[in-house]
Amino acid sequence: MNNERRWAGLWDTDYGRMRLSQVGSRVEGAYAGSTHGTLKATERGDALSFRYKEKHASGEGRFTLSADGREFSGQWRPGAKGEWRPWNGRRADPAPGITWLVVLEAYWQRSLAEPEYAYGNMLRELFARQPSVRVRQRFFHDTGSLLHWCSEVAFLAEPVIVLIASHGLPDGLSVRGEIVDTRRVLDGLGDAANLRLLHFSSCLVGADAHKALRGRPWPVSGYTTSVDWGASALLEFTYLDLILNRGLSPAAAAAALPRLVPFAGKR
């Protein structure tokens with residue numbers, strides 16, 4: 001193991017999953033569970049001294065790494081004088097050959113008069129035949145709920161494709177009259193090392209997003225124009241199948257679409 005990145009990676013802990021990154025002796029990360037929190041730490045030998053922060057709490061702790069780098073034992077306490085409690089963890093290894101398709105979807109219905117509809121249901125059925133693909137669908141109703149699910153992506157061990165489905169405008173996603181700035185979504189995913197693609201299944205979202213996309217460590221796709229719903233569904237079924245079933249990169253899959261689906265051009 002690289003001694004300069006001994007703590008980096010995903011951990012299963014007593015309080016949920018935690019993802020850490022390391023640069024030199026500095027370690028930072030975030031953890032899920034009953035509440036989300038962030039952690040900043042300093043490595044000294046095999047030990048890590050840290051401060052944690054949650055929405056309504058903060059405190060300190062220490063971890064000690066096992067000789068093989070696969071586990072840690074530790075303690076934490078609220079504030080600087082609270083009672084010490086155990087906090088132990090072990091590395092969360094990815095399942096070989098598995099990729100997640102995470103569908104984050106807005107509620108399309110505006111009244112009880114409208115029938116039920118969910119795009120994620122169709123994607124789940126489409127990839128049910130593919131044992132290497134695991135589909136998860138979650139709904140969001142405002143900026144906060146969308147950013148919550150975006151933050152959860154980092155706590156999956158395997159590669160992830162995120163598809164966000166909602167009405168769209170050039171300046172962002174349209175959710176129940178609220179505009180969600182595309183930049184906030186991109187920032188909410190952070191530097192998730194397991195993210196392989198972010199796709200906006202929304203009209204117009206890509207029209208004014210070029211500056212926001214610069215410097216991102218993962219590819220982003222979407223539409224710069226208004227798109228017919230049926231046409232976009234056929235395009236995305238093909239696009240995702242090329243990636244998840246045929247093994248193409250997002251760039252190669254996007255390049256292949258106009259040849260496979262003749263109407264997949266600028267129109």
Side-chain angles (χ1 to χ4, degrees), residues 1-95 98 100 102 104 134 136-160 162 180 184-195 217:
M1 180 180 297
N2 187 336
N3 289 333
E4 294 183 356
R5 299 184 70 251
R6 296 191 304 167
W7 292 93
L10 187 65
W11 300 84
D12 274 318
T13 84
D14 298 333
Y15 296 96
R17 284 196 162 179
M18 176 172 63
R19 186 173 287 278
L20 300 177
S21 61
Q22 182 172 3
V23 178
S25 62
R26 293 186 302 166
V27 178
E28 295 185 359
Y31 53 90
S34 59
T35 182
H36 278 248
T38 58
L39 180 149
K40 292 186 177 181
T42 301
E43 181 186 38
R44 294 184 179 88
D46 292 329
L48 202 65
S49 299
F50 65 85
R51 300 284 304 179
Y52 72 87
K53 186 176 181 180
E54 300 172 2
K55 186 174 182 179
H56 300 294
S58 62
E60 63 181 359
R62 51 189 179 240
F63 296 146
T64 300
L65 194 64
S66 63
D68 62 1
R70 299 287 303 167
E71 300 180 351
F72 67 76
S73 58
Q75 295 177 306
W76 69 279
R77 65 179 179 181
K81 297 181 180 179
E83 178 184 354
W84 287 102
R85 303 172 188 177
W87 191 353
N88 304 309
R90 64 215 60 82
R91 289 197 178 274
D93 295 320
I98 296 296
W100 293 86
V102 175
L104 306 181
R134 295 179 182 174
R136 289 292 183 271
Q137 178 187 21
R138 297 293 184 267
F139 290 94
F140 64 93
H141 59 273
D142 58 13
T143 300
S145 58
L146 175 56
L147 295 181
H148 166 76
W149 293 119
C150 286
S151 70
E152 287 285 331
V153 170
F155 302 118
L156 293 174
E158 296 79 18
V160 181
V162 173
V180 182
R184 294 198 65 184
V185 177
L186 298 172
D187 292 342
L189 288 163
D191 297 326
N194 58 333
L195 185 60

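Please read these numbers as outputs of a predicted model, since none were measured by experiment.
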(request) List for me each residue that meets side chain to side chain contact (heavy atoms under 4.5 Å, CB included) alongside Arg62, sequence neighbours excluded, and say none if there are none. (result) Gln75, Trp84
(request) Give a yes or no on whether Arg184 atom CZ has more than 12 heavy-atom contacts from other residues, nucleotides or ligands under 6.0 Å away. (result) no
(message) Among residues at least two apart in sequence or on other chains, which ones pass salt bridge (charged side-chain N to carboxylate O under 4.0 Å, His left out) with Asp93?
(response) Arg70
(request) Using a 4.5 Å cut-off on heavy atoms from C-beta on, say whether the side chain of Trp7 contacts that of Ser25. (result) no
(request) Would you please name every residue forming a side chain to side chain donor-acceptor pair (under 3.5 Å) with Trp11, sequence neighbours left out? (result) none
(request) Please collect all side chain to side chain donor-acceptor pair (under 3.5 Å) contacts where either partner lies in residues 143-158, sequence neighbours excluded, each pair once. (result) His36-Glu152, Trp100-Glu158, Asp142-Ser145, Thr143-Glu178
(message) If I take atom CD from residue Glu43 and atom CG from residue Leu65, how far apart are they, to the nearest 0.5 angstrom?
(response) 8.0 Å
(message) Restricting to non-hydrogen atoms, name the atom on Thr13 and the atom on Arg90 that form the minimum distance, rounded to 0.1 Å.
(response) N-NH1, 4.4 Å
(message) Checking Trp76 against Tyr52 for the side chain to side chain contact (heavy atoms under 4.5 Å, CB included) test, could you report, in this order, the C-alpha distance in whole Å, the side-chain angles of both residues, the deciding distance, and whether it holds?
(response) CA-CA 9 Å; Trp76 69 279; Tyr52 72 87; 3.3 Å; yes
(message) Under the rule for salt bridge (charged side-chain N to carboxylate O under 4.0 Å, His left out), what residues qualify as partners of Arg17, not counting sequence neighbours?
(response) Asp12
(request) State which residues pass side chain to side chain contact (heavy atoms under 4.5 Å, CB included) with Asp187; sequence neighbours excluded, sorted by chain then number. (result) Arg216
(message) Given 3.5 Å as the limit, does a donor-acceptor pair link the side chain of Glu71 with the main chain of Ser66, or not?
(response) no
(message) List the residues meeting side chain to side chain contact (heavy atoms under 4.5 Å, CB included) with Ser21, not counting sequence neighbours, and say none if there are none.
(response) Glu28
(request) Could you pull out all residues at least two apart from Thr64 that satisfy side chain to side chain donor-acceptor pair (under 3.5 Å)? (result) none
(message) Under the rule for ring pair (Phe, Tyr, Trp, His ring centres under 6.0 Å), what residues qualify as partners of Phe63, not counting sequence neighbours?
(response) Phe50, Phe72, Trp87
(request) Using the test side chain to side chain contact (heavy atoms under 4.5 Å, CB included), find all partners of Ala67 that sit at least two apart in sequence or belong to another chain. (result) none
(request) Return the set of residues passing ring pair (Phe, Tyr, Trp, His ring centres under 6.0 Å) with His141 (not counting sequence neighbours), or none when no residue passes. (result) none
(request) Would you name the heavy atoms of Ala92 and Ala157 that are closest together and state the gap between them? (result) O-CB, 4.0 Å
(request) State, yes or no, whether a side-chain contact exists between Leu104 and Cys150 at a heavy-atom distance under 4.5 Å. (result) yes
(message) Test your reading of the model: is there a side-chain donor-acceptor pair from Asn88 to the backbone of Gly74, 3.5 Å cut-off?
(response) yes
(request) Name all pairs fulfilling the salt bridge (charged side-chain N to carboxylate O under 4.0 Å, His left out) condition that reach into residues 46-57, sequence neighbours left out, sorted by first residue then second. (result) Arg6-Asp46, Arg51-Glu60
